[in-house]
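As structure tokens, the structure follows; a few thoughts come after it.
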Amino acid sequence: MGWWQVNADTLAGSRFLLSPLAETFASLQLLHRGAAGRLGAHPGEQAWLRAHLPAYRALLAAEPATALLVRAGLGRDWIADFLTPTPLDGESFEEGVARVRATPPDEARAHLRVSLGGRPLPAALDRDDVPGRAARLLEYVWGDAVRPYWDRRRRVLEADVVARTAQVSRGGWAAVLDALRPGTRWLGENRLQVNLHEYPPREISGAELLFVPVTPRSGWVSWDEPARRYAVVYPCAGALADDDERRAAVPAGLGALLGRARAQVLVLLDSPLSTTQLTAVTGQGLGSVGRHLKVLLDCGLVERRRAGRSVLYSRTGAGQVLVEAAAGPGTGRG
């Protein structure tokens, strides 16, 4: 397994950060899996793939060298480093992709050889335009398949950061790290496991440690060793990422009783969420969510408590009974 040695000061100074480029690369990974027939089970991702996969496949068919680049760069055990530069604070997509484009060609080819796992670099990729070709592909994915959704995705990512920050205040960093993504967990003795691959440990004490959420179910690590900056990219919480699926999960009877919008808020509160998170997930206005929460509080169906700077809402026992009764038999937690 791969792990980093992290001292207490580094962990205490770590930060969450949003990155349009990371979101775009995660979306490219999803398109890559979809083009290979691995569509996954998440309904929201399937709907997105149905909308954007045909054009992506057409692009790769028209540009064989780009198709080779994707297959080589998104290796089974390693991603070519130049495709995932470590995010910077406040960096726009355009600024991030400019760093990909500025990669020296020899360096990009060396990274591809690593991601190929020892297999020879295809002759079609032994060229100087590899960084520019990668940048153009990322620009296509951003413009066609990410930017139209970016405002909503950004709200979802911001809500995830609120939830993780509150989790730190409740249970400490170990609880957060154990739940980031498969393969990431706190091992104790200042060791952070970042993946399941057999790579040498890295001493990053004193470095800048970043946690970067993305909405696709993807994740990776990146680092800029000269600048001592390390990042763990992880999929945002299921309660937020699965919002399209969960919106449709309001029982008809509960919607008739409370009104669909208010019932939706109650259904979502099977785990604690803030008003910011509820606004991001439901698409309702902040004022509407606040009014629904007040009614649900007055009825004793939800409760609230403070976690750091956030106020989190969750269902009470009465709210749980109501949701389970409306959903029908077989919905209890056991």
Side-chain angles (χ1 to χ4, degrees), residues 16-36 39-40 42 44-63 65-74 79-103 108 111-112 115 129-161 210-222 224 231 233-236 240-241 243-244 280:
F16 290 93
L17 183 150
L18 304 189
S19 168
L21 181 62
E23 180 73 12
T24 301
F25 184 79
S27 299
L28 172 61
Q29 287 183 307
L30 181 54
L31 287 166
H32 178 61
R33 294 195 297 269
L39 297 183
H42 178 13
E45 290 185 349
Q46 289 185 9
W48 182 83
L49 282 168
R50 284 194 296 271
H52 298 286
L53 194 53
Y56 174 75
R57 284 174 169 155
L59 182 148
L60 295 189
E63 299 185 14
T66 301
L68 272 176
L69 171 59
V70 174
R71 290 197 294 273
L74 277 63
I79 298 168
D81 288 354
F82 80 100
L83 296 174
T84 57
T86 305
L88 297 172
D89 280 316
E91 184 177 59
S92 67
F93 169 79
E94 290 75 17
E95 291 166 336
V97 81
R99 291 198 284 148
V100 176
R101 182 175 278 110
T103 307
H111 291 173
L112 288 172
S115 64
D129 71 343
V130 165
R133 187 172 292 273
R136 289 194 299 274
L137 177 62
L138 289 167
E139 287 169 339
Y140 163 78
V141 175
W142 165 254
D144 183 74
V146 177
R147 185 170 56 190
Y149 312 98
W150 178 240
D151 286 345
R152 187 191 67 81
R153 289 192 183 193
R154 185 180 62 244
R155 291 194 300 270
V156 169
L157 296 172
E158 290 169 346
D160 181 85
V161 170
L210 305 169
F211 297 100
V212 184
V214 293
T215 59
R217 296 187 177 185
S218 184
W220 62 90
V221 295
S222 66
D224 179 352
V233 179
Y234 67 91
C236 72
L240 301 173
D243 62 315
D244 290 331

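This chain uses plain numbering: 1 for the first residue, then up along the sequence.
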Would you give the length of the straight line joining atom [atom1] of [X] to atom [atom2] of [Y], rounded to the nearest 0.5 angstrom?
| X | Y | atom1 | atom2 | answer |
| --- | --- | --- | --- | --- |
| Leu21 | Trp142 | CG | CH2 | 9.5 Å |
| Ser218 | Tyr234 | OG | OH | 13.5 Å |
| Leu18 | Trp150 | CG | CH2 | 6.0 Å |
| Leu88 | Glu95 | CG | CD | 8.5 Å |
| Leu112 | Asp81 | CG | CG | 10.0 Å |

Can you give me the closest heavy-atom contact between [X] and [Y], atom names plus distance?
| X | Y | value |
| --- | --- | --- |
| Trp48 | Ala145 | NE1-O, 2.9 Å |
| Pro20 | Ser92 | CG-C, 4.5 Å |
| Pro213 | Leu17 | CD-O, 3.4 Å |
| Thr86 | Asp224 | OG1-N, 3.4 Å |
| Ala80 | Ser115 | N-CB, 3.6 Å |
| Leu83 | Val100 | O-CG2, 4.4 Å |

Which pairs count as salt bridge (charged side-chain N to carboxylate O under 4.0 Å, His left out) when at least one residue sits in residues 134-146, sequence neighbours excluded?
-> Arg101-Glu139
Regarding Glu23 and Thr215, is there a side-chain donor-to-acceptor distance under 3.5 Å anywhere?
->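 A pair is found: one side chain offers a donor N or O, the other an acceptor, under 3.5 Å apart.
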Looking at residues at least two apart in the chain, or sitting in another chain, which of them share a side chain to side chain donor-acceptor pair (under 3.5 Å) with Glu158?
-> none
Could you point out which residue of Glu45, His52, Arg153 forms a side chain to side chain donor-acceptor pair (under 3.5 Å) with Ser27?
->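 Checked Glu45, His52, Arg153 against Ser27; only one passes side chain to side chain donor-acceptor pair (under 3.5 Å): Arg153.
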When Leu59, Val97, Thr24 are each screened for side chain to side chain contact (heavy atoms under 4.5 Å, CB included) with Leu137, the one that passes is Leu59
Plane angle bin for Trp220 and Phe25 - parallel if under 30°, tilted between 30 and 60°, otherwise perpendicular = perpendicular
Of all residues at least two apart in sequence or in a different chain, which pass the ring-ring contact (aromatic ring centres under 6.0 Å, His included) check with Tyr140?
->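 By the ring-ring contact (aromatic ring centres under 6.0 Å, His included) rule, Tyr140 matches no residue at all.
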